[in-house]
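As structure tokens, the structure follows; a few thoughts come after it.
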Amino acid sequence: MRKAVFPVAGLGTRMLPVSKAVPKEILPIYDRPAIHYTVEEAVKSGFSQMIFVTSRGKEAILNYFDRDVELEEILMSKGKREMADFLRQLSSLAEFVAVRQGVPLGLGHAVLQAKGIVGEEPFAVVLPDDIVLSDPPLLQQMRDLYLRTGKSVVALYRVKKEEIPSFGIADVEIKSDGLAVIHDLVEKPSVEEAPSDLAVIGRYILEPKIFSVLERTSPGRGGEIQLTDALRVLAREGELLGLIFQGTRLDVGNPVGLLRASLEIARKRGIEV
Ligand code: UTP
């Protein structure tokens, strides 16, 4: 399993006005673009082809992972070898591929755009709004679970009661520490209706079968093709597992989360803030 799909074609409305001019995936978490952290997690987890589902105005994402030989040479001539080396290794982290989503018709529709490139292999879907800090990396744990069971896997995270209405929540049967069979998913339930406090976060290992399910999925909430609706089909067939994740999750899809993540990551690198 080597392909990881990054849907980055959304409008990023929570990050307006800045996302009008700059893709939110390029906004800095301390000193690196947000997308850097999730690509790094995928690479550390053994994925070697990063497939970005992009849209108009998102060119900066691919440019970041390109070589800039001129800049590297200037840095070298100024004695800034460490930064020159850092920039050079970005392009060799993985193979970077882009496919377009012409109209933002939802996350499910974005994933479907990668069908031709993914083909008949199991693959990861990674949402760069969620930065996950754990050792071993979360995607690697999920990949291992897939390889053991042959079933699609989503990442689950215990959220506080008051956060439940902002997430997709899983109806689960806990099998062992960290492992659950998912029976159903409920999108943004009230606290009373919620079947658990386990929220789906932005990491998925999916069987290629998901593409045919997505093709049959009609537009749901907001007229968009929802990935959650397709996952519910897998769940009802007993084909969906949840890995209950213990590490830190940073939501960088909104301004306060971005600020918090910057502070957290800077501190982890020993910077006084
Ligand atoms: P969100 O629902 O969080 O939307 O998408 P968004 O555009 O990123 O941000 P807000 O809510 O307007 O602020 C979840 C993920 O799915 C991608 C987004 O880029 C994000 O990574 N997505 C969403 C697409 O690629 N295409 C779509 O049509 C919708």
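Start at 1 and go down the list; that is how both ligands and their atoms are numbered. Start at 1 with the first residue, then count along the sequence.
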of all protein heavy atoms, closest to atom 14 (C) of ligand 1 is Leu127 CD1, 4.4 Å
On a heavy-atom basis, the closest approach of Leu206 and Ser152 is CA-OG, 3.7 Å
- Message: If the threshold is 4.0 Å, N to carboxylate O, is there a salt bridge linking Lys151 and Glu207?
- Response: no
Check: of Gly106, Pro23, Gly12, min heavy-atom distance to atom 29 (C) of ligand 1 comes from Gly106
Looking only at protein heavy atoms, what sits closest to atom 25 (O) of ligand 1 is Ala9 N, 2.9 Å
Any carboxylate oxygen within less than 4.0 angstrom of a Lys/Arg side-chain nitrogen, looking at Glu163 and Lys161? no
- prompt: Does the N or O separation between Leu105 and ligand 1 drop below 3.5 Å for any pair?
  reply: yes
Note: ligand 1 atoms sitting under 4.0 Å from heavy atoms of Leu11 are 7 (O)
Among non-hydrogen protein atoms, atom 16 (O) of ligand 1 lies closest to Leu107 CD1, 3.4 Å
### Query
Does the distance from a Lys or Arg side-chain N to an Asp or Glu carboxylate O, for Arg267 and Glu272, drop under 4.0 Å?
no
For Leu105, the hydrophobic cluster (side chain heavy atoms closer than 4.5 Å, chained through members) also holds Val103
Those residues at least two apart in sequence (or on a different chain) that pass salt bridge (Lys or Arg N to Asp or Glu O under 4.0 Å) with Glu120 are none
For Ala110, the ligand 1 atoms with a heavy-atom partner under 4.0 Å come out as 24 (C), 25 (O), 26 (N)
Backbone or side chain, does any N or O of Pro7 fall under 3.5 Å from an N or O of ligand 1?
yes
Determine, for Arg232 against Asp184, whether the closest basic-nitrogen to carboxylate-oxygen distance falls under 4.0 angstrom. yes
Practice task
Using a distance threshold of 4.0 Å (strictly less than), state whether atom 11 (O) of ligand 1 has a protein heavy-atom neighbour.
Solution key: yes
Margin query: Less than 4.0 angstrom from a charged side-chain N to a carboxylate O is my criterion; do Lys268 and Glu264 meet it?
Written below: yes
key: Gln101 near ligand 1 by a heavy-atom separation under 4.0 Å   = yes
(request) Indicate yes or no: does an N/O atom of Gly10 lie under 3.5 Å from an N/O atom of ligand 1? (result) yes
Ligand 1 contacted by Glu224 (non-hydrogen, < 4.0 Å): no
Atom 1 (P) of ligand 1 has as its nearest protein heavy atom Arg14 NH2, 4.4 Å
Pro104 heavy atoms within 4.0 Å reach ligand 1 at atoms 28 (O)
Test item: protein heavy atom less than 4.0 Å from atom 3 (O) of ligand 1:
yes
Do the ring planes of Tyr64 and His36 sit parallel (below 30°), tilted (30 to 60°) or perpendicular (above 60°)?
perpendicular
Checklist line | Ion pair check, Arg148 and Asp144, cut-off under 4.0 Å | finding: no
In this structure, atom 8 (O) of ligand 1 is nearest to the protein heavy atom Lys24 NZ, 2.6 Å
